[in-house]
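In what follows, residues are counted from 1 in the order of the sequence shown.
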Amino acid sequence: MVVLSHPTLDFNQYSLLRSTCKPTASFAEIPEIDLSDPNAKSNIVKACEEFGFFKLVNHRVPIELMTKLEDESLCFFKLSESEKDKARPPHPLGYGCKNIGSSGDKGWIEYLLLNANPLPIFSQNSHTFLCAAEEYVTAVKKLSSQVVELIAEGLKMEPRNAISKLLNDEKADCCFRVNHYPPCPEPQALGGRNMIGFGEHTDPQIISVLRSNNSTGLQICLRDGAWVSVPPDAGAFFVNVGDALQVMTNGRFKSVKHKVLADPNRERVSMIYFGGPPLSEKIAPLPQLLEEGEESLYKEFTWWEYKTAAYKTKLADHRLGAFEKSPNS
Ligand SMILES: C=C1C[C@]23C[C@@]1(O)CC[C@H]2[C@@]12CC[C@H](O)[C@@](C)(C(=O)O1)[C@H]2[C@@H]3C(=O)O
Ligand SMILES: O=C(O)CCC(=O)C(=O)O
Ligand SMILES: [Fe+2]
């Protein structure tokens, strides 16, 4: 097991529950979508409108693909720091530990953040990890495409590949992340509260598809500002609406604020596929979705412009704020 050097940690560094949302955890039901249900498309649209988040079951991605990559990831994270550092190519892609992004965010986490289109090659030793990641990413990419096609159908949009074609473009800017949260042993030092593993944020892309082992920690923020714990389910996927999809639906879907609290007793492993469009793509409300006379709530921008701006922000910042039109403009 990798021990993050906790005796030297300054807990105050870790954006301790610096939450703009109410700190209460409530127990609202997380919407569950059964992909084999004929009503899946309208259920997905409802979940994206109400939560910007849902759990996906009966997705047909074999559990073996997930557990294989989980095992390979744990083998990687068990390597010495110097071995893991070899997978630390230029920022922001590669191995990272405790530092998230480049604006000073910290978390009780180590991770691999990789380009997913295509996956990179970083060393001979990582061969089995990359084979497992390749198989997994191929399956999850297909699933993401299926999900956004159901969204298009549920929104009665033509053509049904209006969103999926962006994710399937050969220049699609998609990334893949494996997060490892070792058990965090000192919650008493925080007055009984858990350490932040990954601080609150929204994902900038169109859609994120997450799978974790059976450890708790993920929380989402509801529209009323209450935080809800998401019960883990290692056989399911969890889907997040990202900022770009919020814009493409002119705010009908909201990107979901979420965070991860480290567990005092169990390690958490999560793998997330972030589906983004090509860098040159204009991010704007889809014309098919605008009602007559309805105007875009957002200024015009490309994914490159948004991503560049987003990567200069801190995790908890409201990144879309700078791209919203002011009420009178
Ligand atoms: C603090 C940051 C980390 C992040 C880039 C950012 O400046 C703001 C967005 C963050 C985020 C959240 C979702 C994904 O995990 C991620 C890879 C992304 O695209 O945006 C991370 C970025 C990161 O870890 O570099
Ligand atoms: O690790 C998790 O469960 C979520 C992480 C996350 O939100 C992210 O990597 O963007
Ligand atoms: Fe996220």
Side-chain angles (χ1 to χ4, degrees), residues 1-2 30-37 40 44 53-79 83-84 87 94-95 109-150 164 167-168 172 174-183 197-198 203 205 207-218 230-240 260 263 265-275:
M1 184 187 72
V2 174
I30 302 295
E32 182 170 310
I33 309 294
D34 178 343
L35 214 48
S36 64
D37 179 342
I44 291 180
F53 185 85
F54 57 89
K55 173 175 169 175
L56 196 59
V57 296
N58 280 326
H59 44 69
R60 301 218 180 107
V61 175
I63 184 87
E64 296 75 29
L65 249 60
M66 306 172 175
T67 48
K68 175 89 176 56
L69 181 57
E70 182 183 329
D71 293 348
E72 286 295 335
S73 303
L74 283 171
C75 286
F76 173 81
F77 289 120
K78 278 191 189 115
L79 295 173
E83 276 299 312
K84 288 187 282 192
Y95 172 71
I109 187 175
E110 56 176 343
Y111 59 86
L112 271 169
L113 178 55
L114 308 170
N115 186 351
N117 192 29
L119 283 173
I121 300 169
F122 38 69
S123 86
Q124 287 288 317
N125 300 346
S126 61
H127 180 69
T128 50
F129 169 83
L130 281 175
C131 287
E134 189 77 59
E135 260 197 300
Y136 177 85
V137 167
T138 304
V140 175
K141 185 177 173 184
K142 209 167 133 200
L143 183 67
S144 317
S145 184
Q146 213 180 328
V147 167
V148 295
E149 290 192 358
L150 286 170
S164 63
L167 305 183
N168 293 325
C174 301
C175 57
F176 180 60
R177 172 169 212 143
V178 184
N179 293 327
H180 177 226
Y181 306 88
F198 204 120
D203 294 346
Q205 293 80 2
I207 198 157
S208 318
V209 180
L210 176 150
R211 184 267 173 187
S212 78
N213 65 352
N214 268 324
S215 296
T216 57
L218 180 63
V230 178
D233 182 343
F237 287 101
F238 293 91
V239 179
N240 285 4
V260 178
D263 189 295
N265 304 309
R266 289 197 57 167
E267 67 185 341
R268 175 178 170 88
V269 181
S270 61
M271 5 213 218
I272 309 111
Y273 175 79
F274 302 93

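- Side-chain atoms of Leu69 and Phe129, non-hydrogen and from C-beta on, do get closer than 4.5 Å to each other.
- Here CG of Asn240 is found 7.5 Å from CG of Leu218. Values are rounded to the nearest 0.5 Å.
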Counting only pairs under 3.5 Å, give me each side-chain donor-acceptor contact of residues 134-143, with atom names and distances, residues two or more places apart or in other chains.
residue	atom	partner	partner atom	Å
Thr138	OG1	Glu134	O	2.6

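- Rounded to the nearest 0.5 Å, atoms CZ (Arg177) and CG (Leu112) are 9.5 Å apart.
- Between the side chain of Asp203 and the main chain of Ser208, no donor-acceptor pair closer than 3.5 Å is present.
- Here the straight-line distance linking atom CG of Leu113 with atom CD1 of Ile272 works out to 9.5 Å at 0.5 Å rounding.
- Judged by distance alone, the side chain of Asn58 and the main-chain N or O of Asp34 form no donor-acceptor pair under 3.5 Å.
- Donor-acceptor pairing under 3.5 Å is lacking for the side chains of Ser215 and Asp263.
- Atom OH of Tyr95 is separated from atom CG of Leu79 by 9.5 Å, given to the nearest 0.5 angstrom.
- Counting heavy atoms from C-beta on, the side chains of Ile33 and Asp37 never come closer than 4.5 Å.
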task: Check the pair Phe237 / Val147 against side chain to side chain contact (heavy atoms under 4.5 Å, CB included), numbers first and verdict last.
output: CA-CA 11 Å; Phe237 287 101; Val147 167; over 6 Å; no

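- Side-chain contact between Pro182 and Phe77: absent, with no pair of heavy atoms (C-beta onward) separated by less than 4.5 Å.
- Nearest heavy atoms, Asn115 versus Cys174: OD1-O, 3.2 Å.
- Residues forming a salt bridge (charged side-chain N to carboxylate O under 4.0 Å, His left out) with Arg211 (at least two apart in sequence, or on another chain): Glu70.
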message: side chain to side chain contact (heavy atoms under 4.5 Å, CB included) for Leu56 and Val209? Distances and angles first, verdict last.
response: CA-CA 9 Å; Leu56 196 59; Val209 180; 5.8 Å; no

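- Contact between Gln205 and Cys175 at its shortest, heavy atoms only, is NE2-SG, 4.0 Å.
- With a 4.5 Å cut-off on side-chain heavy atoms, Met271 and Met66 count as touching.
- Between Pro232 and Asn214, some side-chain heavy-atom pair lies under the 4.5 Å cut-off.
- Residues Ser212 and Arg268 have side chains in contact (heavy-atom distance under 4.5 Å, counting atoms from C-beta outward).
- Between atom CD of residue Glu110 and atom CZ of residue Phe76 there is a gap of 7.5 Å, rounded to the nearest 0.5 Å.
- The closest donor-acceptor contact from the side chain of Asn213 to the backbone of Glu267 lies under 3.5 Å.
- With rounding to the nearest 0.5 angstrom, the CG atom of Asp233 is 5.5 Å from the CZ atom of Phe238.
- A 4.5 Å side-chain heavy-atom check between Cys131 and Lys68 finds every atom pair outside the cut-off.
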